[in-house]
Amino acid sequence: MKSNVNYLVAAVFVALIFFTIIYVTAILPATTFTPNKSDVAWEYSSSEKRGRDVYRREGCFYCHTQFVRYQDREMGEMVKAGDYVFETPHLLGTERTGPDLSNIGGKYPDAWHWAHHTNPRAVKPGSIMPSFSYLSNQDMTDLVAYLQTIGQKRVQPRWIVAPQEFRDKFHGVAEKTDVNASSFANAGRGIYMQNCAQCHGVTGKGNGSVSMTMQKKPANFTRPFYAGYDDATWYWRISEGVPGTRMPRWAKTLSDEDMAYLVAFLKTLPKPPSAKAGDISVTDYAALDQPEEMNQNFWEIEAQKHGSGESDPFTAYSEETKGAHE
Amino acid sequence: MNIIQNICSELLSDKPYSASRNFIISGVFWLLIGTSLGLLAAALMTWPDIIVNVPQMSFGRVRPAHINVVAIGWLSMGYLGAYFYILPVLVGRKGVWNERLANLTCLVFNLLVFTGVLSILNGYTEAREYAELNGIFDYIVLVGLFLSGLIGFKTVLTGPEKKWYVSIWYILGSLFWFPIVYVIGNRAFVAFEGLNDAIAGWFYGHNILGMWFTVGGIGILYYLLPRFTGNPLYSHTLSMIGFWTIGMFYAPTGTHHILQSPVPEWLKAIAVISSVFLLVPVLTVLTNFFMTMKGKWSLAAEHIPLRFVIVASIGYLLTCMQGPFQATRAINWYIHFTNWVVGHAHMALLATFTFIVFAAIYYIIPKVTGRKIYSKKMAVWHFWLSLYGVAIMMIILTCAGLVQAAGWHFAIPVDQWSVEMYPYMFIRFLSGVMIVLGQLIFIFNIYKTVFSKEAEPAPNSPTGIAFV
Ligand code: HEM
């Protein structure tokens, strides 16, 4: 009995400490931590608010985070505490199965989001994002309206660009090699046939003989999208490879000069955009064909089918934002 | 009329230990549902187009349903089933304080899980991880927890035995802490704005694990271990040190889940430091485990429940070495946002605490029904399928996490490498098939034990070795 009393005294004492700890770490911040709203914080309109509820209801935050960390390169600006004053309940997320969405607003046109939510694999082959084709038109409109507000269209590069260290490095290389000269492109063709064609194919379509063994198909360099790559980005991708895929880090085997020749050659492959896909606004899953090849994309197939001479909205859009960035 | 009366008297019976039995049976049922939902989620991550146009079967809804069913339907109900056997035995009484009320609590929980999972699948969700149950359901959880706490405390305080064995401390501790944690973490009761919502949300998200699953699971472990081995618990002092330090160090760690978000730095610092200090309670538990096992390892060859306890303890060792490690900023910097964390979560809840409840069930069911477990062979299959399943899942998710981490840190757009996740996700799916298969065998075995017409009576076996 006596030992029990001793324990009880201790228990009361410890319980006090315990409650203090809980108070300090869970409740107290709500009174002391009240950041001012930043220019990115956004008070949602009713449609956007409904869209945010769709986002919560469909569990998008189990796969998408909404905070950019300082080590996240190419995801746009880092977030600040003040960005979140209207984010109640929070949608920070803890797992990135898909990309961070803190800067998604303005990255794609609405039509792209409609197509992507309806059948993600039509526009992003190999994506494991679920299809949300069951959403009503109203839900879809609101959801897209919400997505377009996130990050307040902070300007950001459309696709990946080479990190600065590679830009500097390439600058040095380019002084010795003119990547726009056809003679260098021809030299690059030779190196390409020896090292790359078994995967990327002789015509650069990503259908080389080895590609059939791969889950992630080699890049298809004839896609109009690659027309947007600048020289340093080509150089960087060849030099460092694509982690997580079978694309090697060529800097380990090829010289800087060889890689510059390859840049000169690869630049000759992509076709500029040639056709318009039209506005897609569907919630019908079956209406969006999936490309057969992993390295193709719905918009490009549509463009080839309809071939009307205008550029497809997706690429045109990217040209626009790119202009704004430069 | 008679039938209804029969069912009522069965469901709300006041036979000693009937509540324990009913909780365990319901828990086992929800375990099968919960793991099947997990398997469905794993399938959706492998073949995203197998089910389209069915909102209830969309990944973003199946995943929270899976988590809530395994966390509340299976683990919590399994815990309460074990508690309602262990507490009365330890204080030397027959059955809990009010068996009828305990059975009513069991009904409340079943109703809660059933309606709760349907509501989540249909999109009625609070949309905060681990706290998905929304609005009215939060109140029902609280009622259930309040009733369980009341029964737990009353059972102990009105029991003849006044010298409390450590398990009682742990179990009562979990019953006391969890309702508090639940209230702070759910927007039905405490609703903060913006990032403060994330802070409170992860206070809850971490402490449902720390103050409920860990504290309760260790209470059950401390009860089972001396019984299974026939050795007295190595050190009561160590176990009490463990108890008080868990309380101190778990409470402030929540922020390590959002370590890299723009919340106040001092909170993050406290979270990281106390995460590392969690090694103190962990090491007390493990020292006690290994010292109590001394000289008894060979028992595991025949003693099936003991095997589960051994796996659970090793799972606890691994999880809790990994935990402080990945809570440090340098490691968290790399592995956050990836499947590594999902591997860790399964190591904790599946390999550790689920295995503890398995052991408890194999021991308690013969005790409360007076019947020997129907088939030893099935129990062995259940053991190996679950063990291999969770081991494969853990390894493959950890590898997948490292690949993902590399992808993020090389700034490669995720759609360029996410298909490379396919082999990992496929193997994870296979591991899920093994686990679900194991649980099917388990539920059949338990069903046969409890409900078949004629059954072998449970032999007199103090260590429980002859029960299975
Ligand atoms: C009783 C056993 C189980 C428990 C206690 C459990 C617990 C959990 C927990 C806590 C999470 C959340 C992880 C996080 O915070 O990111 C989770 C997620 C998940 N679990 Fe389980 N689980 C169990 C069994 C299973 C089984 C058998 C499968 C089937 C393969 C499975 C598949 C999944 C999937 C697919 C996710 C979502 C992961 C993601 O979002 O990437 N679980 N589970």
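Predicted model only: the values in this text are computed from it and were never measured. All chains are named by letter (A, B, ...) in the order of the sequence lines, taking the proteins before the strands, and each is independently numbered beginning at 1. Scope of the values below: all heavy atoms of this structure, side chains included, with no hydrogens, waters or symmetry mates.
Looking at B:S261, both its backbone and its side chain come within 4.5 Å of chain A, counting heavy atoms on both sides. With a threshold of 4.5 angstrom between heavy atoms, B:I51 does not approach chain A through any atom at all. For A:M214, no part sits under 4.5 Å from any heavy atom of chain B, backbone or side chain. There is no contact between B:M57 and chain A, counting heavy-atom distances below 4.5 Å. Of the atoms belonging to B:W177, it is side-chain heavy atoms, and not backbone ones, that fall under 4.5 Å from chain A. Within the 4.5 angstrom heavy-atom criterion, only side-chain atoms of B:F203, from C-beta onward, approach chain A. Heavy-atom distances place the side chain of B:Q404, and not its backbone, under 4.5 Å from chain A. For B:V190, no part lies under 4.5 angstrom from a heavy atom of chain A. The parts of A:F18 that come within reach of chain B are both its backbone and its side chain, each placing non-hydrogen atoms under 4.5 angstrom from that chain.
Side-chain atoms of A:Y134 and B:S58 include a donor-acceptor pair closer than 3.5 Å.
Taking the six-membered ring for Trp and thresholds of 30 and 60 degrees, A:F67 and B:H336 have ring planes inclined between 30 and 60 degrees apart.
Taken to the nearest 0.5 Å, the CZ atom of A:F33 stands 13.0 Å off from the CZ atom of B:F192.
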